[in-house]
2 protein chains.
Amino acid sequence: MSPAPRTTRQRTAVADLLSRVDGFRSAQELHELLRREGASVGLTTVYRHVQALADAGEVDVLRHEDGEAVYRRCASPAHHHHLVCRACGRSVEIEGPAVERWTSQVAAEHGFTDVQHTLEVFGTCADCA
Amino acid sequence: MSPAPRTTRQRTAVADLLSRVDGFRSAQELHELLRREGASVGLTTVYRHVQALADAGEVDVLRHEDGEAVYRRCASPAHHHHLVCRACGRSVEIEGPAVERWTSQVAAEHGFTDVQHTLEVFGTCADCA
DNA sequence: CAGCAACTGACAACCGTTGTCAAAACCAGG
DNA sequence: CCTGGTTTTGACAACGGTTGTCAGTTGCTG
């Protein structure tokens, strides 16, 4: 059904880069970074791997205000949220059991099922202030 | 500095429509609806008014998963969140003082300032289930 | 009522993203 | 090792939502 993906130079490069950088990066930023490192990878290919990783749940996806998608390798595969610096993109993983409980409760009160939620916190980190 | 906007047929039509429909609508949907009603307004103009209204805080903006922006006139100008049906787009305004407190506390713990957050809840409403 | 500034809308440009397809790279099985 | 087929790659074109352009129109103020 789903054949195991091959381990190619490009796949490794993208995965590696995502492990090294911190903060959320757009596909185009990742593409540019790879180019600078000499490990040049086609933009199309970057998009493909980044999406595959997102589908596999190995990276988290966020949307900037302008709709651009940004990606980040996450420490825990479990559900969590992010505190993101709007200046440098650095981010911290946060958890909020209270929020989880609250959302599902409110949703149930209104008769909603199959509930999901998105929660992201933006601010300016100490270094950028 | 900011000259008061003029009240034109188009401006009124967009604002009116947003008051009548419930749920989040994309600029293109609004454009189509206006066209059907006969009160045809250029797509560019719809975008402009919808953004102006968003800037003025009179409508809320959300991003669908594919990055498309959707708009909704909100009852209260105060900060609040939404419980949105992913099938029909119907939405309910919700408030969560606990969430507000929690986010600002967590942000402060990590040295972040100028904190904002986005929180949206998606589910399937009773009618669509 | 005149005149100017703001508004409109068809159109083109933009930008992130996705589809296409021939060429290259990976990985068996001989 | 080769070799065959299958997957992956990447330049390029296409796409869709959004924004810029600019001449023509329309509110509004004097």
Side-chain angles (χ1 to χ4, degrees), chain A residues 1-18 21 23-56 58-72 84 86 89 120, chain B residues 1-18 23-56 58-72 89:
Chain A
M1 23 223 76
S2 49
R6 287 182 181 170
T7 61
T8 64
R9 174 179 66 79
Q10 293 87 341
R11 166 171 277 275
T12 306
V14 172
D16 256 31
L17 179 56
L18 274 168
V21 302
F24 284 86
R25 307 286 164 175
S26 71
Q28 315 227 22
E29 280 177 319
L30 296 172
H31 173 65
E32 183 58 28
L33 287 173
L34 287 171
R35 174 146 302 189
R36 292 223 184 112
E37 290 183 0
S40 189
V41 176
L43 177 57
T44 310
T45 304
V46 174
Y47 271 105
R48 275 194 289 247
H49 283 306
V50 124
Q51 281 169 0
L53 288 167
D55 288 346
E58 294 187 32
V59 302
D60 278 359
V61 191
L62 241 63
R63 291 240 168 221
H64 262 187
E65 288 188 22
D66 63 356
E68 191 179 27
V70 287
Y71 305 86
R72 182 192 195 236
V84 187
R86 64 167 66 85
E120 305 301 336
Chain B
M1 22 221 77
S2 49
R6 288 181 181 170
T7 62
T8 64
R9 173 180 69 80
Q10 292 86 342
R11 174 173 204 79
T12 306
V14 172
D16 256 31
L17 179 55
L18 275 168
F24 284 87
R25 305 288 164 175
S26 71
Q28 315 226 24
E29 279 176 320
L30 295 172
H31 173 64
E32 182 58 29
L33 287 173
L34 287 171
R35 174 146 302 189
R36 293 223 184 111
E37 291 183 0
S40 190
V41 177
L43 177 57
T44 310
T45 304
V46 174
Y47 271 106
R48 274 195 290 247
H49 284 307
V50 124
Q51 280 168 0
L53 289 167
D55 289 345
E58 293 187 34
V59 301
D60 279 0
V61 192
L62 240 63
R63 292 241 167 220
H64 262 186
E65 288 189 22
D66 63 355
E68 190 179 25
V70 287
Y71 305 85
R72 182 193 196 237

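In the text below, chain A, chain B and the rest are named by the order of the sequence lines, each starting its count at 1.
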Has the side chain of B:Arg25 got a donor or acceptor atom that lies under 3.5 Å from a matching backbone atom of B:Arg72? no
Looking at D:dG17, C:dT8, C:dT17, which one has an atom nearest to any side-chain atom of A:Glu68? C:dT17
Can you spot which of A:Asp16, A:Val46, A:Thr45 makes a side chain to side chain contact (heavy atoms under 4.5 Å, CB included) with A:Leu34? A:Val46
Please report the distance, rounded to the nearest Å, between CZ in B:Arg11 and C1' in C:dG9. 16 Å
Return the nearest nucleotide to the side chain of A:Thr8; candidates are C:dG9, D:dT8, C:dG16. D:dT8
Whole-Å gap separating P (C:dT17) and NE2 (B:His64): 18 Å
C:dA25 base to A:Arg9 side chain: any donor-acceptor pair below 3.5 Å? no
Report yes or no: is there a donor-acceptor pair, N or O only, under 3.5 Å between the side chain of A:Thr7 and the base of C:dC26? no
C:dC7 base / B:Thr45 side chain donor-acceptor hit below 3.5 Å: no
Atom CG of B:Leu30 and atom P of D:dG17 are separated, to the nearest Å, by 13 Å
Residue-phosphate contact under 4.0 Å: B:Gln10 side-chain N/O, C:dC7 OP1/OP2: no
Does any N or O donor sit under 3.5 Å from an N or O acceptor when you compare the side chain of A:Arg48 with the base of D:dT8? no
In whole angstrom, what separates A:His49's NE2 from D:dT9's C1'? 8 Å
Assess whether one donor atom and one acceptor atom, taken from the side chain of A:Thr44 and the base of D:dA11, lie less than 3.5 Å apart. yes
For B:Arg25 and D:dT18, give me the distance from atom CZ to atom P, rounded to whole Å. 15 Å
Kindly indicate, with the supporting measurements, whether the criterion side chain to side chain contact (heavy atoms under 4.5 Å, CB included) is fulfilled by B:Leu43 and B:Gln28. CA-CA 7 Å; B:Leu43 177 57; B:Gln28 315 226 24; 4.3 Å; yes
Taking the minimum atom-to-atom distance to the side chain of B:Arg6, which one of C:dA5, C:dA25, C:dG9 wins? C:dA5
